[in-house]
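What follows is a single structure, written as structure tokens, with notes after it.
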Amino acid sequence: MLDNYLPVLVFILVGILFGVGPLVAGFVIGPRRPYDEKLSPYECGFEPFGDARAPFDVRYYLVAILFILFDLEIAFLFPWAVVLDQIGLAGFLAMMVFLAILVVGFVYEWKKGALEWE
Amino acid sequence: MGAQGMLEGLPEVLVILAKIFAITLPLLGVVAYLTFAERKIIGYMQVRLGPNRVGPRGWLQPIADALKLLTKEIILPSASSRFLFLLAPVLAIAPALAAWAVVPFADGMVLASVDAGVLYVLAMSSVGVYGVILAGWAANSRYAFLGAMRSAAQMISYEIAMGFALVGVLMAAGSLNLEKIVLAQQGGVLSWFWLPLAPLFVVYFVAGVAETNRAPFDVAEGESELVAGFHVEYSGMGFAVFFLAEYANMVLIAALTAVMFLGGWLSPFEGLPAEVLGVPVLGPVLGPGLHWLAAKTSLLLLLFLWLRATFPRYRYDQIMRLGWKVFIPVSLLWIVVLGLAITTRVAPWLD
């Protein structure tokens, strides 16, 4: 059964090759004439203003946390969705309880304003 | 496994490699000419001619673009993290190509008919986010960093909506194997999943547009504010690889939408009598096959371009609101409705 996955693995390697190949070709064929101004970060012609890795808005972090929660939920839903017609009403209701709990959390986030961007 | 075993496995790997190149090379051709089609079609929509200088009617334009980018210097900014800076484009294109391993092109015409197909596709599209965020981080430039933060947050938000839409497809098809998902849609245009899963179809496609950072969701590279977003510091082939990845992702999303909601390779004229299908030329055209998948994919790709020509760019808060406050509740609700319909068997076309 794992035999089926060999082409997938080979394809990932080929995909990487299609990323590395052009880069190598670019380095070989393209010129290399670096100087300080060319290599400095682009800031519309101004001198770069300190380190770009500045603190960022905490809401990005919040979105990332929410993403983990919901993505995990989707991972739980996948096997359930596939066998839904075999597990009947009990299986359906069990997942509804699980979803209801998550929806409570989602509503709380919403009311708290975690999803507001202005 | 000794040297003997390795040699025995070699022909198998060569066959696989041949098949992979039979997929990727035409795909790259499609990607190249998609960029041309985009410029030409948007040109016509804006009453311009589009590129028409290189070759007859501009048909050699993509090749000229590729050659130009190939001969340009790849700039490694002095403030950047070199390794991550070069890794990012690879992480962008590898999953965009590798996801094609499980896409069925016609009945039995699939590289790897794995039973975790949808899961694999979802995983590959998640890896694509790394390419974007690493590019912005490694470049160590303000514009790139802001663009990467924005597009990463946008991509993961829409990935949730996409995931929920996929759950609906799985419920209707009862399998994670993309081939079986297509076969579950047999029975003509009205049995394709776009009808019973209509809200999820819309959510999936629009989320796909947002996921690929295409207009009108392209705040990540909003030219007027962030120059080019996460790939502002990339030049030459570094930029070309990102560019290829974006268009390869567009083709992938279009093909997956066709496979999961529009019946993949199935013909819209299903159920024709055998005499009609026996007619030379006309029969094979009206019957199922690769050409139907290609036609559906092309139509969806045209929609991608049309969206870009029609809509102004969304504001960032509007994008996040659409993703979290519209798409997620809508798809959740539809999953509940669908679950109810399947368990109580009121929807006979969904078993």
Side-chain angles (χ1 to χ4, degrees), chain A residues 4-8 10-12 14-16 18-20 22-23 25-27 29-34 36 38-44 48-49 51-54 56-57 59-60 63-64 67 70-71 74 77-78 81-85 88-89 91-92 95-96 99 103 106 110 115-118, chain B residues 13 16-17 19-20 24 70-79 86 89-90 93-95 97-98 101-102 111-114 119-120 140-143 145 149 153 156-157 159-160 163-164 167 170-171 174-176 227 232-233 236-238 240-241 316-317 320 324-325 332 336 339 342-343 351:
Chain A
N4 277 341
Y5 288 87
L6 180 66
V8 174
V10 179
F11 210 141
I12 292 175
V14 172
I16 292 170
F18 270 97
V20 175
L23 286 178
F27 275 115
I29 297 170
R32 273 195 75 62
R33 287 186 283 275
D36 275 0
K38 192 193 263 178
L39 296 186
S40 70
Y42 174 70
E43 272 180 33
C44 292
F49 201 78
D51 196 61
R53 286 160 190 173
F56 52 85
D57 198 321
R59 277 177 298 197
Y60 288 114
V63 167
F67 166 71
F70 277 91
D71 218 30
I74 291 166
L77 280 171
F78 266 27
V82 172
V83 294
L84 181 64
D85 52 343
L89 203 61
F92 173 68
M95 188 49 92
M96 286 307 112
L99 278 185
V103 166
F106 184 58
W110 190 322
L115 307 176
E116 303 294 334
W117 294 72
E118 67 282 317
Chain B
V13 172
I16 292 171
L17 274 176
K19 284 181 183 169
I20 288 174
T24 41
L70 195 61
T71 52
K72 294 286 175 187
E73 177 174 353
I74 299 178
I75 297 169
L76 290 172
S78 48
L86 292 174
V90 178
I93 193 146
L97 294 178
V102 296
L111 181 67
S113 179
V114 297
L119 209 57
Y120 172 72
N140 205 351
S141 153
R142 267 166 213 279
Y143 290 118
F145 184 63
M149 292 305 292
I156 60 176
S157 299
E159 206 165 288
I160 296 171
F164 277 130
V167 170
L170 302 185
M171 288 164 81
S175 174
L176 281 160
V227 202
V232 65
E233 295 289 348
M237 281 323 255
V241 171
Y316 197 67
D317 63 315
M320 294 310 261
W324 285 97
K325 296 190 175 175
L332 255 178
V336 175
I342 291 174
T343 41
D351 46 26

From A:Asp85 CG over to B:Ile342 CD1, what is the distance, rounded to the nearest 0.5 angstrom? 7.0 Å
At a heavy-atom separation under 4.5 Å, does B:Ala240 approach chain A through its side chain, its backbone, both, or neither? neither
To the nearest 0.5 Å, what is the distance between CZ on A:Phe78 and CG on B:Leu170? 5.0 Å
Contact class of B:Ser141 relative to chain A, heavy atoms under 4.5 angstrom: both
Under 4.5 Å, counting heavy-atom pairs only, tell me which of B:Ala112, B:Gly339, B:Ala153 racks up the most with chain A. B:Gly339
Tell me whether the centres of the aromatic rings in A:Phe70 and B:Trp324 are closer together than 6.0 Å. yes
One should read off an interatomic distance between A:Ile29 CD1 and B:Ile74 CD1, to the nearest 0.5 angstrom, of 10.0 Å
For the student: nearest non-hydrogen atoms of A:Ala25 and B:Leu70, plus distance: CB-CD1, 3.9 Å
If you measure from CZ on A:Phe67 to CD1 on B:Ile156, what distance do you get to the nearest 0.5 Å? 5.5 Å
Select, from B:Val241, B:Leu97, B:Leu119, the one with the greatest count of heavy-atom pairs under 4.5 Å involving chain A. B:Leu97
Between A:Leu77 and B:Met171, is a side-chain contact (heavy atoms from CB on, under 4.5 Å) present by the stated rule, with each step listed? CA-CA 10 Å; A:Leu77 280 171; B:Met171 288 164 81; over 6 Å; no
Option in B:Leu17, B:Val13, B:Val167 with maximal non-hydrogen atom pairs under 4.5 Å from chain A: B:Val167
If I compare all heavy atoms of A:Phe11 with all of B:Ala98, which pair ends up nearest, and what's the gap? CD2-CA, 3.7 Å
Heavy-atom distance under 4.5 Å between the side chains of B:Ser157 and A:Val63, does that happen here? yes
Can you say whether B:Lys72 sits under 4.5 Å from chain A via the side chain, the backbone, both, or neither, judging by heavy atoms? backbone
Of the non-hydrogen atoms in B:Leu86 and A:Leu23, which two are nearest, and what is the gap between them? O-CD1, 3.6 Å
When heavy-atom pairs shorter than 4.5 Å are enumerated against chain A, which of B:Thr71, B:Leu332, B:Ile93, B:Ile160 gives the highest number? B:Ile160
Between A:Gly19, A:Pro31, A:Gly30, which residue shows the highest count of heavy-atom pairs closer than 4.5 Å to chain B? A:Pro31
If you count heavy-atom pairs under 4.5 Å with chain A, which of B:Lys325, B:Glu159, B:Lys19 comes out on top? B:Lys325
Bottom line for A:Val10: the part with an atom under 4.5 Å from chain B's heavy atoms is both
Measuring heavy-atom distances to chain A, does B:Ile16 have an atom under 4.5 Å in its side chain, in its backbone, in both, or in neither? side chain
Hey, could you give me the CZ/CG distance between A:Arg59 and B:Asp317, rounded to the nearest 0.5 Å? 9.0 Å
OH on B:Tyr120 to CD1 on A:Ile12, rounded to 0.5 Å: 4.0 Å
Flag the one option from A:Gly88, A:Gly15, A:Ala81 with the top tally of heavy-atom pairs under 4.5 Å to chain B. A:Ala81
Engaged part of B:Ser113 at the chain A interface, taking heavy atoms whose separation is under 4.5 Å: backbone
Proximal component of A:Val103, with respect to chain B [non-hydrogen, under 4.5 Å]: side chain
In terms of heavy-atom proximity below 4.5 Å to chain A, should B:Tyr316 be classed as side chain, backbone, both, or neither? side chain
